[in-house]
Protein chains: 2
Amino acid sequence: MVRPNAGTKGVPRLDRETQILDIASEQFGTHGFAATSVATVADKAGISKPLIYNYFGSKEGLYEACLDRGGALLADEIERIARGEAVGIERGMATLAGMFTLLEPQPYLWRLFFDPTAPSTGAIADSINGYAERIGKLADEGVTELMRLAGNDDPLDISAMTAVWLGIVDSLMNWWMEHPEESAEQMMQRCMRLLTALFGGDSE
Amino acid sequence: MVRPNAGTKGVPRLDRETQILDIASEQFGTHGFAATSVATVADKAGISKPLIYNYFGSKEGLYEACLDRGGALLADEIERIARGEAVGIERGMATLAGMFTLLEPQPYLWRLFFDPTAPSTGAIADSINGYAERIGKLADEGVTELMRLAGNDDPLDISAMTAVWLGIVDSLMNWWMEHPEESAEQMMQRCMRLLTALFGGDSE
DNA sequence: TCATGGTAACTTACCCAAAGGTCATATCAG
DNA sequence: CTGATATGACCTTTGGGTAAGTTACCATGA
């Protein structure tokens with residue numbers, strides 16, 4: 001039997017894995033875990049499905065690999081900003097600026113960690129929770145500080161405010177994905193204008 | 001052949017449809033369109049799958065029926081508030097209060113219209129867009145007014161701010177779903193406190 | 001009063017396509 | 001010849017959708 005291309009491409013495993021992860025991250029991030037099929041990822045990479053299973057074991061394994069690569073990136077950046085000296089709203093804006101810069105080439109990465117169609121139990125959930133908690137914890141920290149400055153330390157208030165903050169970031173990322181022509185710099189200036197509109201011009 | 005229960009329940013169609021819609025709305029709203037199976041809905045209703053197909057035609061038909069019932073409710077309420085005299089932040093808070101009251105028994109209804117796993121083309125998308133636009137248009141209107149008061153009329157700024165506003169409502173609804181013990185009244189007071197924390201205490 | 005027949009409510013058992021996952025095998029460099 | 005890269009063909013499960021039949025009830029007419 002003739003199999004014209006089997007084994008002939010000779011792409012080193014690491015290169016291939018990187019390529020697959022790039023494509024898979026984009027698919028998962030744009031369409032969600034449930035709506036992404038392994039066959040589609042294979043197609044876009046120009047390879048066959050079994051190769052992906054050979055390298056990543058399962059669809060969940062593939063997703064996990066995407067999470068590990070993207071999560072480290074995100075969490076490291078947010079942690080770096082958290083170590084800065086900004087507090088309150090300023091810290092929020094600094095975090096946003098960092099996110100925009102980091103995610104300029106791939107805003108969909110953010111959605112990997114807030115995908116409602118991802119499995120909510122098992123190894124994947126653990127991995128997601130690991131990063132989401134790492135991100136969420138820093139958000140919580142920032143929000144707690146902001147609320148303390150305002151004299152509010154009700155745990156439920158803080159919890160709700162954190163959810164709102166993450167929701168804001170989420171909707172900005174979604175909006176950005178629908179306006180890909182915007183640069184990170186433009187997004188940041190836009191956010192500053194929105195803030196100004198809300199606070200009436202003296203947000204420093 | 002013996003079929004012990006066929007046709008014996010004698011529940012009138014309208015009653016049965018209402019019951020099915022209740023269950024389906026909850027499932028769709030909680031788990032999303034993609035992750036909800038018709039068989040599960042049938043199970044929870046204590047009936048068989050074909051009865052649902054008999055009454056609603058297809059999974060999409062069922063979803064559409066949920067949308068029609070819930071959408072009218074939501075859009076009417078938001079429109080009612082829009083006719084009020086509140087503007088700017090106040091209008092936002094009034095809308096929130098209305099949403100909380102309306103959705104007290106079923107916060108998941110909100111998510112029906114912002115479900116990323118729902119089909120993005122076809123009859124369903126039209127129905128979704130109809131209501132989402134009706135809701136979104138009012139949001140846009142309110143935001144436009146708010147921004148105008150602040151001297152900003154950039155269309156993209158307004159578009160982004162609207163997205164953020166809807167994202168805020170969305171995250172509050174999600175938070176509420178995770179804290180079902182909260183009453184609408186409590187949610188509203190919580191939101192007022194969050195607003196106060198942000199604005200430093202003089203937000204009417 | 002009681003057969004008759006129409007209709008609404010309801011079910012079992014099945015079909016089929018999509019998608020996750022596997023197996024045996026092919027190519028080729030060293 | 002071995003091991004890394006790679007594939008076509010297949011298996012299996014899940015879930016949307018359907019065909020065909022069953023039960024209960026009610027209206028009608030003798």
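Heavy-atom basis, side chains included; hydrogens, waters and symmetry copies ignored. In what follows, every chain begins at residue 1, and chains take the letters A, B, ... in the order their sequences are listed.
- A cation-pi arrangement is present between A:Lys59 and A:Phe33 under the rule of less than 6.0 angstrom and at most 45 degrees off the ring axis.
- Electrostatic pairing of A:Glu26 and A:Lys44 does not count as a salt bridge here, judged by no charged N lying under 4.0 Å from a carboxylate O.
- Where B:Arg13 and B:Pro50 meet DNA chain C, the nucleotide closest to each residue was compared, and B:Arg13 sits on the side nearer the 5' end.
- Note: OH (A:Tyr53) to P (D:dA9) measures 19 Å, nearest angstrom.
- For C:dG20, one of the phosphate oxygens OP1 or OP2 lies less than 4.0 angstrom from a side-chain nitrogen or oxygen of A:Lys59.
- The distance from atom CZ of B:Phe28 to atom P of D:dG15 is 13 Å, rounded to the nearest whole Å.
- Within 4.0 Å of A:Ser37, counting heavy atoms only, lie sugar-phosphate atoms of the nucleic acid but no base atom.
- Put simply, the side chain of B:Lys49 and the base of D:dG15 share no donor and acceptor less than 3.5 Å apart.
- With distances taken from any side-chain atom of B:Ser58 to the nucleotides D:dG17, D:dA6, C:dC10, the minimum falls on D:dG17.
- Distance CG (A:Leu62) to P (C:dA19): 16 Å, rounded to an integer number of Å.
- Residue B:Leu51 contributes atom CG, which lies 16 Å from atom P of D:dA19 at whole-angstrom precision.
- Taking atom CG of A:Asn54 as the reference point, atom P of C:dA24 lies 15 Å away to the nearest angstrom.
- Put simply, OH on A:Tyr131 and CG on A:Leu112 are 11.0 Å apart, with the number rounded to the nearest 0.5 Å.
- The phosphate of C:dC10 has OP1 or OP2 within less than 4.0 Å of a side-chain N or O from B:Arg16.
- For A:Tyr55, a side-chain nitrogen or oxygen approaches OP1 or OP2 of D:dT5 to under 4.0 Å.
- The residue A:Thr40 sits apart from the nucleic acid: no heavy atom pair falls under 4.0 Å.
- In this structure, A:Ile52 atom CD1 and C:dA19 atom P are separated by 14 Å, rounded to whole Å.
- To the nearest angstrom, C1' of C:dA19 lies 16 Å from NE2 of A:His31.
- B:Ala75 and B:Leu138 make their closest contact through O-CD1, 4.5 Å (heavy atoms, listed as atom of the first residue, atom of the second, distance).
- At whole-Å resolution of the value, NZ in B:Lys9 and P in C:dT7 are 24 Å apart.
- Using a 4.5 Å cut-off on side-chain heavy atoms (C-beta onward), B:Gln19 and B:Asp15 make no contact.
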